[in-house]
2 protein chains.
Amino acid sequence: MLSPMKDYFTPGEIAERFDLTLDTLRYYEKAGLLRRVDRAPSGHRRYRADDVELLHLVRCLRDTDMPISRLREFAELVREGDHTIPERVEVLQSHQHRLNAHIERMRERQEAIGHKIDYYLGVLSERPEPARRPEGSMDTPVKETG
Amino acid sequence: MLSPMKDYFTPGEIAERFDLTLDTLRYYEKAGLLRRVDRAPSGHRRYRADDVELLHLVRCLRDTDMPISRLREFAELVREGDHTIPERVEVLQSHQHRLNAHIERMRERQEAIGHKIDYYLGVLSERPEPARRPEGSMDTPVKETG
DNA sequence: ACTTGACCTGGAGCGCGCTCCAGGTCCCAT
DNA sequence: ATGGGACCTGGAGCGCGCTCCAGGTCAAGT
């Protein structure tokens, strides 16, 4: 029979796939972000498809700065079974709202920085290259009209 | 003569204005994000308008995760005088690009989380409230059709 | 004279999220 | 049998950005 899909992944494969180190992977497991992962007879970890799936979400939530502690809580809900789905939704929604607010703040800051840049560019265009090269000065190869 | 504008601010005022602690303010100074601030005869710090101005930018850049070390470099450029404005512009622009990329990634993650939420909601609507309230159960006041 | 409150100093400590390490096991290829 | 590579463990260490602390000074109020 043709394997329905590779159903076990090695730590190395997972690490590469999610761009995490083996250490981080083990750390996540210890921290309760993943269940106690299966083992090969050798003792090496074997990740299943649903570990991969959860890791996907974990990665996503970590990337958006959900703290480990909160992620662990979420992972516990997942382990408790489908009846916790409403709670999970609440967690995700609340995270999403925080994230929205965060993105909006970033956008505002970004704009403010843009204004500062514009201000500087204004200063430069008013007195373009003032007192530049005090003589045969340094060898600093300044770009023309940067 | 009418004071042109309050030209000194106490640590407390600054801390409140920027929502920073006195400790953080001092830390920033030690770290070179601010010049060595003026003192009252008592030894207490007295912040000038241009400290405030710089702090404004510092706050903005810290809020967008510019590391302290980079901020110190920027602050040094500011101290070196107007001839460093082109360099400052480069620093800000490069930060802005990183920030744009960051925002974009956040947006993507946000969307992914949204999809997960939708998936969960889908599951819920297929089997709506299975085995909910095993009888006269807990008093959890679950919102109807959340 | 005494208290209160704002601030000072240098230095230690903390929380987070990893990251590194020593020493070991297992398995496969030469 | 030997070597190499992937992985294991428990625990220590790290980098960042603060945060806290003890012990002190100063200025104003009562």
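Per chain, numbering begins at 1; letters A, B, ... match sequence-line order.
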Original post:
On DNA chain C, nearest-nucleotide positions of A:Met66 versus B:His44: which is more 5'?
Top reply: B:His44
**OP:** Rounded to the nearest angstrom, tell me the gap between atom CG in A:Leu22 and atom P in D:dG5.
**Re:** 15 Å
Original post:
Do the rings of B:His102 and A:His102 sit parallel, tilted or perpendicular, given the 30° and 60° boundaries?
Top reply: perpendicular
**OP:** Under 4.0 Å between any heavy atoms, over every strand shown, what does A:Pro41 touch: base, sugar-phosphate, or nothing? Just pick one.
**Re:** nothing
Original post:
Would you call A:Arg105 and A:Glu108 a salt bridge, taking side-chain N to carboxylate O under 4.0 Å as the test?
Top reply: no
Original post:
Quick one: B:Arg70 CZ to D:dG17 P, roughly how many Å, whole number?
Top reply: 13 Å
**OP:** Can you sort out the partners of A:Arg35 under side chain to side chain contact (heavy atoms under 4.5 Å, CB included), two or more places apart, ordered by chain and number?
**Re:** A:Asp38, A:Arg48, A:Asp51, A:Arg79
Original post:
Donor-acceptor pair, A:Arg109 side chain versus B:Asp63 backbone, under 3.5 Å?
Top reply: no
**OP:** Grab the CD-P distance between B:Glu13 and C:dA6 for me, whole Å please.
**Re:** 12 Å
**OP:** Sequence neighbours left out, what passes salt bridge (charged side-chain N to carboxylate O under 4.0 Å, His left out) with A:Arg62? Give chain and number order.
**Re:** none
Subject >> Length of the CD-P vector between B:Glu16 and C:dA6, whole Å >> reply: 12 Å
Enumerate, atom names and distances included, each donor-acceptor pair closer than 3.5 Å involving a side-chain atom of residues 92-100 of chain B, sequence neighbours excluded.
{"unit_1": "B:Ser94", "atom_1": "OG", "unit_2": "B:Arg70", "atom_2": "NH2", "d": "3.4"}
{"unit_1": "B:Ser94", "atom_1": "OG", "unit_2": "B:Arg98", "atom_2": "NH1", "d": "3.4"}
{"unit_1": "B:Ser94", "atom_1": "OG", "unit_2": "B:Arg98", "atom_2": "NH2", "d": "3.4"}
{"unit_1": "B:His95", "atom_1": "NE2", "unit_2": "B:Thr64", "atom_2": "OG1", "d": "2.8"}
{"unit_1": "B:Gln96", "atom_1": "NE2", "unit_2": "A:Gln110", "atom_2": "O", "d": "3.1"}
{"unit_1": "B:His97", "atom_1": "ND1", "unit_2": "B:Gln93", "atom_2": "O", "d": "3.3"}
{"unit_1": "B:Asn100", "atom_1": "OD1", "unit_2": "A:Gln110", "atom_2": "NE2", "d": "2.6"}

Original post:
Is there a side-chain polar atom (N or O) of B:Arg39 under 4.0 Å from OP1 or OP2 of D:dC26?
Top reply: no
Original post:
Does any residue of residues 45-52 of chain B have a heavy atom under 4.0 Å from DNA chain D, and if so, which ones, in number order?
Top reply: none
Subject >> Check: A:His44 and A:Arg39 side chains under 4.5 Å, non-hydrogen atoms >> reply: no
Name the pairs: protein N/O against N/O of nucleotides 18-23 of chain D, kept only if under 3.5 Å.
{"unit_1": "D:dC18", "atom_1": "OP2", "unit_2": "B:Tyr28", "atom_2": "OH", "d": "3.1"}
{"unit_1": "D:dC18", "atom_1": "OP2", "unit_2": "B:Arg62", "atom_2": "NE", "d": "2.8"}
{"unit_1": "D:dC18", "atom_1": "OP2", "unit_2": "B:Arg62", "atom_2": "NH2", "d": "3.2"}
{"unit_1": "D:dC20", "atom_1": "N4", "unit_2": "B:Asp23", "atom_2": "OD1", "d": "3.1"}

Enumerate, atom names and distances included, each donor-acceptor pair closer than 3.5 Å involving a side-chain atom of residues 9-17 of chain B, sequence neighbours excluded.
{"unit_1": "B:Thr10", "atom_1": "OG1", "unit_2": "B:Glu13", "atom_2": "N", "d": "3.2"}
{"unit_1": "B:Glu13", "atom_1": "OE1", "unit_2": "B:Lys6", "atom_2": "NZ", "d": "3.4"}
{"unit_1": "B:Glu13", "atom_1": "OE1", "unit_2": "B:Thr10", "atom_2": "N", "d": "2.8"}
{"unit_1": "B:Glu13", "atom_1": "OE2", "unit_2": "B:Lys6", "atom_2": "NZ", "d": "2.4"}

**OP:** Using atom CG of B:Asp63 as one end and atom P of D:dG17 as the other, report the distance to the nearest whole Å.
**Re:** 13 Å
Original post:
Taking only side-chain nitrogens and oxygens of B:Thr10, does any of them come within less than 4.0 Å of OP1 or OP2 of C:dC7?
Top reply: yes
**OP:** Please state how far atom CZ in B:Arg36 lies from atom C1' in C:dT9, giving the value in whole angstrom units.
**Re:** 11 Å
**OP:** Figure out the CG/C1' separation between A:Asp38 and D:dC8, and round it to whole Å.
**Re:** 16 Å
Subject >> Point-to-point distance, once rounded to the nearest 0.5 Å, from CG of A:Leu34 to CG of A:Leu54 >> reply: 5.5 Å
